[in-house]
2 protein chains.
Amino acid sequence: MKPTIYDVAQAAGVSIATVSKVINATGRISDKTRKHVHSVMEQLKYQPSMVAAALTGKSTYTIGLTLPDLANPFFAEIARSVEDRGHEHGFNVFICNTDNDPDKEVKYLSLLSQKRVDGIISATRIQNDQFLKKLIQQNIPIALITGEMPTLAVDTVMVDDYLGGFQAGNHLLELGHKRIAILVEDMDNMSNRERLRGCK
Amino acid sequence: MKPTIYDVAQAAGVSIATVSKVINATGRISDKTRKHVHSVMEQLKYQPSMVAAALTGKSTYTIGLTLPDLANPFFAEIARSVEDRGHEHGFNVFICNTDNDPDKEVKYLSLLSQKRVDGIISATRIQNDQFLKKLIQQNIPIALITGEMPTLAVDTVMVDDYLGGFQAGNHLLELGHKRIAILVEDMDNMSNRERLRGCK
DNA sequence: CTGTTAGCGCATTCAT
DNA sequence: ATGAATGCGCTAACAG
């Protein structure tokens, strides 16, 4: 079995409280016992259980990232970055491919909430804003990226579709082009409308 | 606050033991109270805490996937698949970009162990087999993919480099090509050696 | 500076 | 068929 905080306490001849304190560097403990406990810890190769710690209210150091499809290089790149930043701060990230399926999305979101992630980053247009609202009420930090959610007050980082369209159009004009075509998959899509708007 | 099992029990006029039983469909409970508890649960929008459940010994429904770089389409594809299968079975997967850095790898691996993942899939040649051994001792299921680890007894799925090389070479020969070149980045790499071997 | 104790939310005997 | 009690591993007051 993996050693617990009790094993360390016993082996070090102190109380679990003391061990806990040296682990989290909280409270006051003599330099001597601190070092002693530390040595015992690594001798036993002790590693605190994050699930137990999480149960007491501490954060899980886990965040969820929802995106349509990881196989899409655009999102893979995003995932890579999020993961990088996460790792820098000691976080692990859950990848959630929603395929833009509302059901999968809700399923993922509720799973993430049950696992008490510290936050969620969504690179998908969250379709069920009813559910989104619930998450917000649960005080789960949420950041939207790539999508918009005008009805709710959520931190969002989005791409400036208008500017993008403008720059693209401008670039072509500068090259002297006169006859420019625009291919749009879906005119109901807000992003595309904005890009188009920026273009003319 | 999110409702706990106690809230449900109280609202339903039963004990938490009963609620726990209907949640996990274990033990014997009358059809009547089962339904009643269920209705109370959804009325309170109760969702069992997976971290609490995990602490009692149940699995975390979480697995870790280590790979060199998610931005590499090859691995992104793998991640996508792993995630898909995981989701089908109610699992979440932690993505871990190691960049083939031994330190990052160890850091990730130990984090995963602290978070008590149910298993680990590694798409990287695990460099620290000392650490690998520890994980195995901890009874954490591990599966290697894409890499080899001859020294240890670990489940592994790998690509048949020899066959690949053979097929590639054969294909060109069938097309009637006579002068064939092979570009290899690193001849010390076992995969490449095998591919080359299969080619001639 | 260090130890006791009481939870955190749930699963699990063991009685009833 | 159901409930009371105990423990999982750790943190957080509160006492000494």
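Numbers restart at 1 for each chain; the letters A, B, ... are given by sequence-line order, proteins then strands.
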B/S/- contact track for nucleotides 9-16 of chain C, protein heavy atom under 4.0 Å: BBBB----

Rounded to whole Å, how long is the line connecting atom [atom1] of [X] with atom [atom2] of [N]?
X	N	atom1	atom2	answer
B:R34	D:dT2	CZ	C1'	13 Å
A:M41	D:dC10	CE	C1'	14 Å
B:Q138	D:dG9	CD	C1'	15 Å
B:R28	D:dG3	CZ	C1'	17 Å
A:I29	C:dG3	CD1	P	11 Å
B:D7	C:dC8	CG	C1'	13 Å

Return yes when atom [atom1] of [X] has more than 12 non-hydrogen atoms of other residues, nucleotides or ligands closer than 6.0 Å, and no otherwise.
X	atom1	result
A:R85	CZ	no
B:F131	CZ	yes
A:Q10	CD	no
A:Q138	CD	yes

Qualifying residue for side-chain contact (heavy atoms from CB on, under 4.5 Å) with A:L70, from B:L70, B:V82, B:D84, B:I78: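 Among B:L70, B:V82, B:D84, B:I78, the one meeting side-chain contact (heavy atoms from CB on, under 4.5 Å) with A:L70 is B:L70.
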
Partner of A:K104 under side chain to side chain donor-acceptor pair (under 3.5 Å), chosen from A:T98, A:D99, A:T124: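 Going through A:T98, A:D99, A:T124 one by one, the side chain to side chain donor-acceptor pair (under 3.5 Å) with A:K104 is satisfied by A:D99 alone.
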
Carboxylate-amine/guanidinium contact B:D31 B:K35, below 4.0 Å: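 Salt bridge present between B:D31 and B:K35.
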
Axis bend over the full length of the helix from C:dC1-D:dG16 to C:dT16-D:dA1, computed from five pairs that close each end, to 10 degrees: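 The end-segment axes of the helix from C:dC1-D:dG16 to C:dT16-D:dA1 are tilted 40° relative to each other.
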
Donor on one side chain, acceptor on other, A:T62 and B:K115, under 3.5 Å: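 Per modelled atom types, A:T62 and B:K115 side chains form a pair under 3.5 Å.
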
5' precedence on DNA chain D between B:D31 and B:G57 (nearest-nucleotide basis):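 So the residue in question is B:D31.
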
